[in-house]
Structures are given as structure tokens and as C-alpha cells.
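These notes concern the structure reproduced below.
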Amino acid sequence: MSNGTFGFSRAQLKAQAKQALSPNWPLVIAVTLIYLLCAGAYSGTNYNNINGELTVYDGSSVANFISNHAGWVTLGMLSVGLVGLIGGILVDGVLSFAYSAWMLKMAELDASRKISFGEFVDGFRFIIKAALAYLWQSLWTWIWGLMLVVPGMIVMMLGFVAWDGTSFLAMFGVALMLAAVLAMIWAVTRYSFLYQVIADSQGKVGVCDALRYSIAIISGHVGDLVMLFVSFIPWMLLGGITFGLAFFYVTPYMSMTLAMAYRWMRDEAFREGRLDPALLGYMKRDDARPAVDAAYEEAEI
């Protein structure tokens, strides 16, 4: 049954996500453990120095150290940056792609068949495309940040520097900064289905096209998707309160709900003509997956 049989409903998408996860929970938890351990290892490299220790220096000590060891400091910063980039590509890129692709496969299964670990591993055959997708998405996120957030931040900082209690510049800077953040959220949210588009097309869609198709699929539903993300904030807080244990449930639950949202918005984009089904490999109705075929049946009624 296609997700297109109802209007966008967070409750129904979440119910479908729970239904899809229900017969697969043991394997889902095992794969999620691998995913979270890798993500945690990558995050940990951003908070430790070369010796794995935290050391506190006063301002003069730091200045003297930098002036006396400028070459080593520069090399160290470049090394940390390179490690962070490689870690981001491997974890936020390749591993996240494989996990998202696996969730999408699970969402497409009928209730009679369970997902397999091999189908998760299968996502790694698109390792190059996943890495490029991560870099392309990061580049555009960075561009939007430069165009929107950075100018607002500069105006806000100048306003506070000139603050006299009634500085219009400061208040305008704060308003501009908030508007810039909201605009960036709107812009970046449109890229949320980049990995799903590539996985759905079996890697046949290029990275640049996948980003454009993601924007087309989400067009008109940016607010719906943002509110879907917002609805998981309490779950994320629960993960923090339970020292990360709840994330074994929250991570797949959120990822599967996003997969369901992708299917619904994809079918909507097909019906409304915002995206040609052939671009994702649905060449004709006889070859379409049940979800797409059912969506077309509803459109004809």
C-alpha cells in the first residue's frame, strides 16, 4: 500500500515505521550498535588532543607555545582537519548512506519477509557515490552558511560592539541572525533525501542530480519535514537522559520514519509531475514497485 493514500501525517508515518521495524528489531539493534559505535568513535576524535588528554593553559602560555612551535601547530591543525574530513566522509557519508539505504529497503518490504544483514552490507558497494554525496551536500550547506548565517552574525557582533542600550544595529543584527538561521534550515532541509534518492535508484542517479531530485521531492513539504524532525526532539532528549541507551530505539525509529516520509513525498512528486518516475528507474507502470503503482492507481480515481 502506498504512502500516497493519505495526506502527510506524522502519526501515520510513525505508525508505519514501527510496523516495518517490528519483525526486525534484533538485527536492527545490532546494526544500530555498529553505527552508533562508529559515530561515537568519530565524534571522540574531535575532543581529544594528540596524547588523548585535556590540558588547560592560560592565555600567555598558549601564545608562547604557538609562537615557538608555529610549524608544529599548523601541521597539527591540518592533521586534525584531515582526520575530521576523513571521519566525516566515512561515518556521516558512507556509513550513514548504508544505514539510510538499509532502512529504505526495509520500508519497501512486505510484512512477510525480514531484512538481512547482507542487505545492509550491500549499501557499501556505493561507497564512492556516498562519499561524493556527503561532500556535495556539505559544500552546499557551507555555501548557504556563508550567504545567510555569516552576514547575520557579523551584523549582530557589530551591533553588540556598538551597544549603548538602545542600539538599533544590535537588535537588527539579532533579527537578521534568526532570519538567516531559519532560511538556512529551510534550504538545507531540502537536501534531506539525497541518500534516499541514490539508494532508491540503485546508484544510477548521479550526486548532482540526486540533490536536485531531493529538492523536487520535498518541494511544498519543507515545513512538514521540519516539523517531523522537531517531533523527535523529545526522543533525542530521552537519549541524553538515558546516557545514550535510548538511541538504540530512537535512531532506527527516526531513520525509518524518514524513509516512510521519503516514499510518501516521492509518490506525491510523481503524481503531481514534479519528478519523472523514469529518472529513478521506474520506466513504466508494469515495472514500478507496488508503492508507486498504487500511488498512480489513486491518482487515476
Side-chain angles (χ1 to χ4, degrees), residues 1-8 13 16 20 93-94 96-110 119 122-141 143-144 186-226 228 255-301:
M1 188 64 131
S2 168
N3 290 324
T5 57
F6 57 86
F8 190 89
L13 291 174
Q16 289 182 341
V94 177
S96 292
F97 171 83
Y99 193 78
S100 298
W102 193 55
M103 287 291 165
L104 185 58
K105 286 182 181 179
M106 202 183 310
E108 299 282 8
L109 294 178
D110 56 55
E119 289 171 290
D122 184 61
F124 289 95
R125 63 193 174 100
F126 302 117
I127 181 172
I128 301 299
K129 188 156 288 187
L132 292 175
Y134 167 77
L135 293 173
W136 189 239
Q137 185 181 48
S138 298
L139 174 62
W140 278 102
T141 301
I143 289 174
W144 280 111
W186 172 82
V188 174
T189 299
R190 300 179 304 157
Y191 309 152
S192 299
F193 291 150
L194 175 60
Y195 291 165
Q196 284 81 358
V197 169
I198 294 174
D200 197 17
S201 68
Q202 295 297 305
K204 295 177 182 177
V205 173
V207 170
C208 298
D209 285 337
L211 195 68
R212 291 194 298 108
Y213 299 164
S214 175
I215 294 173
I217 290 171
I218 297 173
S219 177
H221 295 287
V222 174
D224 291 328
L225 200 55
V226 169
L228 181 63
S255 297
M256 179 57 73
T257 302
L258 191 62
M260 293 296 180
Y262 166 77
R263 294 179 65 214
W264 185 89
M265 291 186 188
R266 175 200 64 193
D267 294 349
E268 282 288 296
F270 288 167
R271 285 200 302 270
E272 295 176 1
R274 286 182 279 113
L275 187 66
D276 184 352
L279 295 174
L280 297 185
Y282 303 125
M283 300 304 295
K284 55 184 179 178
R285 282 194 45 185
D286 293 340
D287 296 334
R289 297 179 190 179
V292 179
D293 194 35
Y296 282 161
E297 290 289 350
E298 182 191 349
E300 293 171 357
I301 295 174

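Keep in mind that what you see is a predicted model, and the values were worked out from it rather than measured.
A donor-acceptor pair under 3.5 Å links the side-chain atoms of Thr141 to the main chain of Gln137, judged by distance alone.
Annotation: the span from Asp122 atom CG to Glu119 atom CD amounts to 7.5 Å, rounded to 0.5 Å. Here the straight-line distance linking atom OG of Ser96 with atom CG of Leu194 works out to 11.5 Å at 0.5 Å rounding. Summarising the geometry, atom CG belonging to Leu135 is positioned 8.5 Å from atom CG belonging to Leu139; distances are rounded to the nearest 0.5 Å. Here the OG-CG distance, from Ser100 to Leu104, works out to 9.0 Å after rounding to the nearest 0.5 Å. In this structure, CG on Leu279 lies 13.0 Å from NZ on Lys204, to the nearest 0.5 angstrom. Between the CD1 atom of Ile218 and the OH atom of Tyr213 there is a distance of 15.0 Å, given to the nearest 0.5 Å.
In plain terms, the two heavy atoms of Met265 and Arg274 that are nearest each other are O-NH2, 4.4 Å. The two residues Val205 and Ala210 make their nearest non-hydrogen contact at CG1-N, 3.5 Å. Residue Ala261 comes nearest to Phe8 through the heavy atom pair CB-CE1, 4.3 Å, listed as atom of the first residue, atom of the second, then distance. Counting all heavy atoms, side chain and backbone alike, Ala20 lies closest to Met260 at CB-CE, 3.8 Å. A pairwise comparison of heavy atoms in Trp140 and Leu211 identifies CD1-CD2, 3.7 Å as the closest pair. Between Val222 and Trp186 the shortest heavy-atom distance is CG1-CD1, 3.3 Å.
The aromatic rings of Tyr99 and Trp102 are tilted relative to each other, their planes meeting at an angle between 30° and 60°.
For Asp200 and Arg263, the salt-bridge test fails: no basic side-chain N is under 4.0 Å from an acidic carboxylate O.
Between Leu258 and Leu225 there is a side-chain heavy-atom pair separated by less than 4.5 Å. For the pair Glu108/Met103, no side-chain contact is recorded, criterion being any heavy-atom separation below 4.5 Å from C-beta on.
In this view, Lys129 satisfies the salt bridge (Lys or Arg N to Asp or Glu O under 4.0 Å) rule with no residue, not counting sequence neighbours.
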key: side chain to side chain contact (heavy atoms under 4.5 Å, CB included) evaluation trace for Phe193 with Arg266   = CA-CA 10 Å; Phe193 291 150; Arg266 175 200 64 193; over 6 Å; no
request  = Start with the C-alpha distance between Asp209 and Val197, add both sets of side-chain angles, then the distance that settles side chain to side chain contact (heavy atoms under 4.5 Å, CB included), and finish with yes or no.
outcome  = CA-CA 9 Å; Asp209 285 337; Val197 169; over 6 Å; no
query = Given Phe97 and Ile127, is the side chain to side chain contact (heavy atoms under 4.5 Å, CB included) satisfied, shown in steps?
reply = CA-CA 9 Å; Phe97 171 83; Ile127 181 172; over 6 Å; no
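For residues 189-198, the set of pairs meeting the side chain to side chain donor-acceptor pair (under 3.5 Å) definition, not counting sequence neighbours, comprises Trp144-Tyr191.
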